[in-house]
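All remarks here apply to the structure that follows.
Counting starts at 1 for both ligands and their atoms, in listed order. A quick note: this is a predicted structure, and the numbers were derived from the prediction, not measured.
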Amino acid sequence: MTTTLAEWLAAQPVDQKLARAVATMAAASAEIAAVLRIAPIEGETGLAGHTNVQGEAQKLLDVISNDIVLNHIGQNSDISILVSEELDEAVHFDNGGALLVATDPLDGSSNLDVNVTVGTIFSILDASKGLLQKGSAQLAAGYAAYGPSTSFVLTFGTSVAVFTLDQSDTFVLTKDKVAVSPASGEYAINTARERFWDAATKGYVDENVAGETGLAGKRYNMRWVGSMVADIHRILMRGGIFLYPLDSETLEKGGRLRLLYEGNPMALIVTAAGGKATTGRKNILDIQPTDIHQRVPVVLGSSEEVTRVEAWYKKA
Ligand code: P6P
């Protein structure tokens, strides 16, 4: 007997407006999944021919996914503000809606042309408290992972549930109360950036590379998909740690990943599943944003691993 997302949401002790906003993001994700499945046939991979506020070349599917999210959100009068990685400014709907959605409509899109898992990340906040709220103020956070199956992962802050899209384009519950294992032998970092790393990142990674012979005293494996949603989903399912730390090249920008629609939602999800999420020096959820597109260093996942990284930062 399966439980649909709609049935599961109806049983949650949350405001029905919030539940409906989650359902809106799930519907948008299901539509994006359908587009991605046949994108190469429709000739929709490749560049859109312009860049986003981050100065990154927008893929056609970035724009299509953003339009899909915009369309679904525009039909939900409970959502009055949209912040999107693909839009320079926040979109204000004159509907008096109580909620704000911040989203990366298609994260990891550089993987689209090579058919590797990408995702949609979202964060839901109280619109009356403005655009720049700490991650700890999130009412809900989640992501869709477009992989061999389409997963929809959701938290209201205290536990994490996973839904999978079935053949009738309905999300059904496939895992509830997800727990990130405290220990792990797997880390995710772009090691091609080693020359930019600070002493803390280098020290932590060197310990892992030393394996059984090093201070970590165990063998590690390394995975880096180049798609945050894919790496985080793996960590939720089997443990691990994801690092996109501040380094000498990202120092000026304050990091690589964005706080409002990457760092914060993933930090809420991983923390709700018993993991930890830090910049290395500070809990990501405690950061007071100053700009809707600001960047943040991200170190999150299995608590024992994140604690080791924090210890390196304390030493550094
Ligand atoms: P790099 C994708 O562009 C992204 O924002 C994340 O999804 C991913 O984890 C990271 O950047 C990949 O960065 O430096 O390996 O290309």
Side-chain angles (χ1 to χ4, degrees), residues 29 32 36 45-48 50-63 65-66 69 83-87 102-123 141-147 151 153 186-198 201-202 205 222-237 240-267 269-270 275 277-280 284 292-301 306 309:
S29 299
I32 291 169
L36 295 183
T45 54
L47 294 176
H50 38 268
T51 57
N52 62 15
V53 65
Q54 325 294 342
E56 291 163 349
Q58 276 181 317
K59 297 273 187 179
L60 206 50
L61 287 166
D62 283 325
V63 177
S65 301
N66 189 67
V69 170
V83 169
S84 168
E85 182 201 41
E86 300 304 331
L87 301 172
T103 184
D104 184 355
L106 199 57
D107 182 73
S109 51
S110 60
N111 285 301
L112 282 167
D113 303 346
V114 295
N115 198 24
V116 167
T117 296
V118 294
T120 298
I121 310 171
F122 67 92
S123 169
Y143 62 81
Y146 310 112
S151 302
V153 176
E186 202 162 55
Y187 66 101
I189 191 168
N190 180 345
T191 53
R193 302 185 62 83
E194 181 171 350
R195 65 187 184 284
F196 304 126
W197 290 348
D198 61 19
T201 302
K202 182 105 175 62
V205 172
M222 208 288 282
R223 287 283 181 277
W224 183 254
V225 182
S227 173
M228 185 185 200
V229 167
D231 281 316
I232 301 303
H233 197 68
R234 184 190 60 252
I235 288 166
L236 277 182
M237 294 299 109
I241 182 172
F242 172 96
L243 302 98
Y244 214 117
L246 205 59
D247 63 33
S248 59
E249 193 178 58
T250 63
L251 185 62
E252 189 185 341
K253 286 184 175 178
R256 162 67 188 273
L257 304 176
R258 276 75 63 175
L259 177 60
L260 263 61
Y261 39 79
E262 289 177 320
N264 275 343
M266 290 308 197
I269 292 165
V270 168
T278 174
T279 63
I284 288 174
I292 60 171
H293 295 299
Q294 83 179 60
R295 297 172 188 262
V296 65
V298 175
V299 178
L300 52 74
V306 175
V309 175

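Near Phe242, the atoms of ligand 1 lying under 4.0 angstrom from a non-hydrogen atom of the residue are 9 (O). Heavy-atom contacts of Met228 reach the following atoms of ligand 1: 6 (C), 7 (O), 8 (C), 9 (O) (cutoff under 4.0 Å).
Backbone and side-chain nitrogen or oxygen atoms of Asp231 are examined, and none is located within less than 3.5 angstrom of a nitrogen or oxygen of ligand 1. At a 3.5 angstrom cut-off on N or O pairs, Ser110 does not count as close to ligand 1.
Residue contacts with ligand 1 include Ser227, since one of its heavy atoms falls under 4.0 Å from the ligand.
For Asn190, the CG atom sits in a packed shell: over 12 heavy atoms of surrounding residues, nucleotides or ligands are nearer than 6.0 Å.
Within the 6.0 Å centre-distance limit, the rings of Phe242 and Trp224 are counted as a close aromatic pair.
The option with the heavy atom closest to atom 11 (O) of ligand 1, from among Glu249, Arg256, Glu262, Arg193, is Arg256.
For atom 15 (O) of ligand 1, the closest heavy atom belonging to the protein is Trp224 NE1, 2.9 Å. For atom 14 (O) of ligand 1, the closest heavy atom belonging to the protein is Tyr244 OH, 2.6 Å.
Aromatic ring orientation, His293 versus Tyr261: perpendicular (interplanar angle above 60°, classes split at 30° and 60°).
Summarising the geometry of Ser65 relative to Leu106, their closest heavy-atom pair is OG-CD2, 3.5 Å, with the distance given to 0.1 Å.
Arg256 and Asp247 are not joined by a salt bridge, as no carboxylate oxygen comes within less than 4.0 angstrom of a charged side-chain nitrogen. Between Arg234 and Asp231 a salt bridge is recorded (basic side-chain N to carboxylate O distance below 4.0 Å).
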